[in-house]
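Structure first, commentary second.
Atoms within each ligand, like the ligands themselves, are counted from 1 in listed order.
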Amino acid sequence: MKYDLKKFTLEEKVRLVAGKDTWHTDDLDGKVYKVKVSDGPVGLRTPNLGGEWGGKTIPAVAFPSTQVLAQSWTPALAYKTGELLADECIERNVDVLLAPGINVKRLPQCGRNFEYVSEDPYLSGIFGREYIKGVQDHHVGTSLKHYCANNQENSRLSQSSELDERTLREIYTYNFKIALEAKPWTVMSSYNAVNGLKVSQHKKLNDMLREDLGFDGLIMSDWGAVDNHVASVKSGLDLEMPYKKENMEALLAAVQSGEVTEEELDARCIKVLELCEKCENEKKLQKISTTVDERRKAAQRVAEEGIVLLKNNGVLPIGDGKSVSVIGEGATKNISGGGSSRVVLDRDAAKLPDELRACLPASEISHVEFYGGKISRCINNAYGKDVSVVCVDQIDSEGIDRDSIRLSSRLEEVIIETARLNPNTVVVLYCGSVIDMTAWGDKVAAIVTAGYPGERGNAAIAKILSGKVNPSGKTTETYPETLDDCLANHCLRDFCHSIYSDGLLVGYRWYDTAKYMGKENEARVRYPFGYGLSYSSFEYSGLKLADNGDNILVEFDVKNVSDIDGKECAQVYYRKPVSSVFRPYKELCGFEKKLIKSGKSEHYTITVPKEYLAYYSTATDKWEIEKGDYEILVGASCEDIRLMGKANI
Ligand code: BGC
């Protein structure tokens, strides 16, 4: 390292381990490189006010939310998104992007689910890993967040996630274990406490991150997460963000009194200086390789791959010449989530009516909005049209969880009344997470879940509705019938504690296992994990399993038996029917999405490392791969298993 720690005074060292302001590290009056950081996962949010909170955000490209990216089931698109965001960072002089967020979606109502990948830790880890590689291959750093067990927004600063060791290892840090393979420059620790101790002061979690998960970069706090900087430094947290005067004074006093040893402080300073040096060196290698326009086009491609067709009675795709009534504001705006990931645009987002006109030139397309207009006018507009497209939006936000996963009663009413007037009603959901559709799901002809699809999202939706793009997104979280069907929602929680008594049974692990154990009435599912429709149909055949020592090779064919080209994401799950420890019914261990031409077959080869079949033993304190038979299940979704074979280990 070029910096010699011996040349720094004690005061300087104390300054080093806390931010200079909200968005920079301290350059010690020009002595070290000043690192600039900015949010966030779905586009760049760089405030124009230098280092302060507030002010305006510099406009940037609004990418589809992480939820949409993940629904593409195409890790290469996470890599691509990372590359494009690196260019946005380079243009704005940002050294470290505060992304990706990979927390497991335990509660469907979590306000930040749109920023996260999945309810499955393995899938979350893979997307996180590829995203990090994409950014860092362009010499910009990342901050993998939020480590860990930060799975709700309500009381996020005060609440303790109370969970057992195996659940912590297999679910809430397994995502990090995989993503860390990409060696992010930094990891952001979360706001919450775990088992009673704030993560920002959690030596055991910091040690686990470095020793067991192999992280050798810098650990920074989430913004304002540090209550006690002395305890944080002693626990191994390297950098407090942002700057807080009283914390810095307390730290200085603690070092002077011997409560914090100089070695402890030095260890933190070294990590900060390593980051400064890395940022300075990598900056020299940066080169912008895309234009803003190319980034916007790529953002549209992500949306085309990640939007999910949940239901279709045949009304979609809409044929050219059909009259279409488009209802709702989502159709013309960039609907996005609230909080630190919010991106500001300096241009109009794509508008669904215009984009539909371009895709369906012979069609008559009309548009009315709900708000400001009368509901009756909206609904009446649907009457007599060949198809009505109801665009409903719901803004989820950082800092607050939803009270309910139903749409507002007003939106439900619009959908129900429109469907009454027009049986060919298609609902497009612009929502951050899953929605309870019990009131209207059976009444409409088609449902498309667009998530927050970014500034070009409506262009992607138009292509999907008109059949110019064959939908290929699949869900990465289960759509339960109601919130009541979700086990995590029944676990006790109050302002101070969230008890993870659901253990390993998160997401599909619960719905699946409950069904196996005869409790399907308590775990009803509307759309399962890994589910999504296409305008094509696919047939699976010819499963072959081979063992090459470290991996199980899963090979099979998928045939497109329709008359249009389409993409199919096949998923591989494993099951250990006889196990010494409890295991969820089945768990995802591989997937691949391929384009299959009409009438043709594609051969899939998916490599499943045997270590993915391990469980964390609290009896031996290590990962164990049990011997014996494993069922290998290949499916179009977690509930639609098409092929099954056995592997023996
Ligand atoms: C969020 C982080 C974000 C940080 C800086 C916090 O409130 O939890 O995800 O990176 O603010 O904006």
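Counting heavy atoms under 4.0 Å from ligand 1, residue R112 touches it through the side chain alone.
In this structure, OH on Y79 lies 13.0 Å from CG on L77, to the nearest 0.5 angstrom.
Taking distance alone, with nitrogen or oxygen atoms compared against 3.5 Å, Y191 approaches ligand 1 more closely than that limit.
Ring-plane geometry between F591 and F127 is classed as parallel, the angle between the planes falling under 30 degrees on a 0 to 90 degree scale with a further cut at 60.
Shown are L273, T25, D26; of these, the side chain to side chain contact (heavy atoms under 4.5 Å, CB included) with L16 is made only by L273. Each of T167, N151, D164 was evaluated against Y500; a single residue qualifies, N151, per the side chain to side chain donor-acceptor pair (under 3.5 Å) test.
In the vicinity of W23, heavy-atom distances shorter than 4.0 Å reach the ligand 1 atoms 5 (C), 12 (O). When each atom of ligand 1 is checked for a heavy atom of D39 under 4.0 Å away, the hits are 3 (C), 5 (C), 10 (O), 12 (O). Atoms of ligand 1 found under 4.0 Å from any heavy atom of H146, numbered from 1 in the order shown, are 2 (C), 8 (O), 9 (O). Less than 4.0 angstrom separates some heavy atom of K145 from each of these atoms of ligand 1: 2 (C), 3 (C), 9 (O), 10 (O). Residue R45 approaches ligand 1 through these ligand atoms, each under 4.0 Å from one of its heavy atoms: 12 (O).
Looking at every heavy atom in both residues, I102 comes nearest to Y116 through N-CD2, 3.9 Å.
Contact analysis puts R156 in contact with ligand 1, with a non-hydrogen atom separation below 4.0 angstrom.
Of the candidates L98, D222, T22, V37, it is D222 that places a heavy atom closest to atom 8 (O) of ligand 1.
Not a single donor-acceptor pair under 3.5 Å links the side chain of T173 to the backbone N or O of F176.
Heavy-atom contacts from other residues, nucleotides or ligands closer than 6.0 Å to CG of D346 number more than 12.
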